[in-house]
Amino acid sequence: MRSPDIGTAALRLFTYAAMAFLFFPIIITLIVSVNPREFILPPSGFTLDWFKAAWTSETFVRAMGVSLILGIVASLVANTLALLAVLAMVRYDFKGKALINLLIMSPLLIPTTIFSLALYVYFVQLGFGGGIPALVIGHAIHVLPFAARILTASMQNFDTSLEEAARNVGAGPVRTMLSITLPVMKTGLISSFVLCFVLSWNDFPISVFLAPPGWTPLPVELFTYIKFQYDAVGAALASSLILISGIAMVVIDRMAGLRRVLRG
Amino acid sequence: MNDSTGKAIQVEGVCKRYGHVSAVNDVSFDVRHGEFVSLLGPSGCGKTTTLRMIAGFVMASDGHIRINGRDVTYLPPEKREVGFVFQNYALWPHMTVAENVAFGLKLRKRDKAFIRNKVEESLAVTGLSGFEGRLPRQLSGGQQQRVALARALALEPQLLLMDEPLSNLDRALRVAMRRELKKLQQRLNMTTLYVTHDQEEALSMSDRVVIMSGGEIVRVARPLEVYEDPQSEFVADFVGTTNFFDGIVSDIGEGVATVKVGETLTLRVGNRISAAPGSAVRVLLRPERVRILAERREGANMLAARVDFIEYYGPTLRYTVALPGGEALFVEAHDIHGSAQIGETVWLSIEPDHFRLIDRKGAPAS
């Protein structure tokens, strides 16, 4: 038998190596975005010039606004649909339940690029090609399975006697949903919403195919920029995206515990 | 709203089927105004389903349910105006104690002062004054139970339905709450239908007990009658502990039958079912109805027995004894200083009236 000390040390080393591997690109991006010497390492000092440039660029600020609105609207649409679907699937038995579940989860099974191209072709055939509705629908479908998973867990934990108690004291079905069910599921709903928002905020392929001119979300704008410009403004923007996603994750963690949400 | 029949609840031929499975089958009973009735039975006997059908959480497949004479069979729960206390309390976790109690009053659009008074009053009645601002998770099980009760009482329901409300409490609290609940029910003269699997609860609180088994009612009677005269093997076995003997009636005297059990045992048994000679009967005997004697005396039934096992329960001792024919018998005695030891022979004295006779269906008559 090996000494447990060596085993523990090896496991620890491996864990740190894996974490370093995962965090390295993020750290490099963060370093580059505050390094005065464009892309030349080691950094020669600290500057927020790149951030300033990124956040004062009209193109990028507009793209951020687009991403923000898109993320919120797509998450709202996806969560509303997911909530209704999950209500039916958790509480009732009906024919075709497995099939509907598979349909909701199917965006997870198809590579996003293929899925985006298919959506684009489909919308063109319908006659409106890329456009704001197409963009919102695309993002909503993309995040729908995540919303469905989180809300399913949340709904399964929901004690239906809470609703019966409300009906018993005189609340109708709608009032019960608004005053009892949704507030009690608040944690799950917020977690689901934030996760969907982050996924939409970071999405690239769907937006590339479906975003109409003048409505370019941030990741696409960023890609266009770094294709032609070789400076650290891109890195500063990427850092901004990382920070915003990071904040969102902290919010989820505070609300619900990240582990619970990801286990879904 | 009180109708002339004086019935608060009328359940008439109610059935509940899930697919081909019958959970409740042709159940009928009444609850009178001001009465405390228990639905008692083992788990899965259909008692909770019956209660939930009366509250409207489950729709009856067949039959009718009337509350104060009004047919509510197909009404949604919010139209039935009955109080309900859930086994797990079902307090809304995002609302304070006061908000939980006030919710139903707010739905009825009562004015603020009225709601405040009513909430205060309901919490005072249940001993929860001062807990208004707490959240349910900050309360103990017993306190949560009281909030659930206060929430139901605040609406002044004419009818209170309770689904094993005490089963999640520890024993001491359960017994205390049982007494409190009963006092409150009497003070408010609240018609109550109470579901429990705990025979002690049912016997101690109820005016009448409805005993269910396999989705059907097997007995409706006052607690004393249920215990003293079970009338069926199921009731005798489910409510308390009972000794059984299968025998044949050999002779009939004045109100007393002689029953032969096996080769060696003859019992003189009070005959209230008018069993005829030759008929197969089952003889029931409560363990506490047997007197243990150190030596033989005169009596209608004086049986020698060997002590096989003794269990000490605190207030009582339970002996497991064997009769000469091999029949095992439970005997419960209060005299804990009794000298009987395992392996000793004792005498059992049993009054004829302490036996209960029931028909043994399907047994061959000789």
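Only this structure's heavy atoms are used, side chains among them; waters, hydrogens and symmetry mates stay out. Proteins come first, then strands; the chains are lettered A, B, ... in the order of their sequence lines, and each starts at number 1.
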Legend entry - Within 6.0 angstrom of B/F114 CZ, more than 12 heavy atoms from elsewhere: yes
Inset, instruction - Tell me, yes or no, whether the heavy-atom count around A/Y92 atom OH, taken from other residues, nucleotides or ligands under 6.0 Å, exceeds 12. - result: no
Inset, instruction - Might you confirm whether atom OH of B/Y74 has over 12 heavy atoms from other residues, nucleotides or ligands at distances under 6.0 Å? - result: yes
Inset, instruction - Sort B/L161 into side chain, backbone, both or neither according to what part of it lies under 4.5 angstrom from a heavy atom of chain A. - result: neither
Legend entry - Whether over 12 other heavy atoms sit under 6.0 Å from A/K97 NZ: yes
Legend entry - Leading residue by heavy atom contact count with chain B [cutoff under 4.5 Å; candidates A/I180, A/V184, A/D159, A/T160]: A/I180
Inset, instruction - Without swapping roles, check the side chain of A/N168 against the backbone of B/E78 for a donor-acceptor pair under 3.5 Å. - result: no
Inset, instruction - Would you mind checking which part of B/F86 comes under 4.5 Å of any heavy atom in chain A, side chain (CB onward), backbone (N, CA, C, O), both or neither? - result: side chain
Inset, instruction - Identify which of B/A148, B/G104, B/P76 forms the greatest number of heavy-atom pairs closer than 4.5 Å to chain A. - result: B/G104
Legend entry - Least distance between heavy atoms, A/A165 atom then B/R151 atom: CB-NH2, 3.5 Å
Legend entry - Full working for side-chain contact (heavy atoms from CB on, under 4.5 Å) between B/W92 and A/E163: CA-CA 9 Å; B/W92 302 304; A/E163 289 181 354; over 6 Å; no
Inset, instruction - Tell me, yes or no, whether the heavy-atom count around B/R116 atom CZ, taken from other residues, nucleotides or ligands under 6.0 Å, exceeds 12. - result: no
Legend entry - Under 3.5 Å donor-acceptor, B/H94 side chain and A/S179 backbone: yes
Legend entry - Residue selection (most heavy-atom pairs with chain A, distance under 4.5 Å) from B/L107, B/L105, B/V85, B/L155: B/L107
Legend entry - Check ion pair A/E164-B/R52 (N to O, under 4.0 angstrom): yes
Inset, instruction - Mind checking the CZ-CZ spacing from A/R167 to B/F57? Nearest 0.5 Å is all I need. - result: 9.0 Å
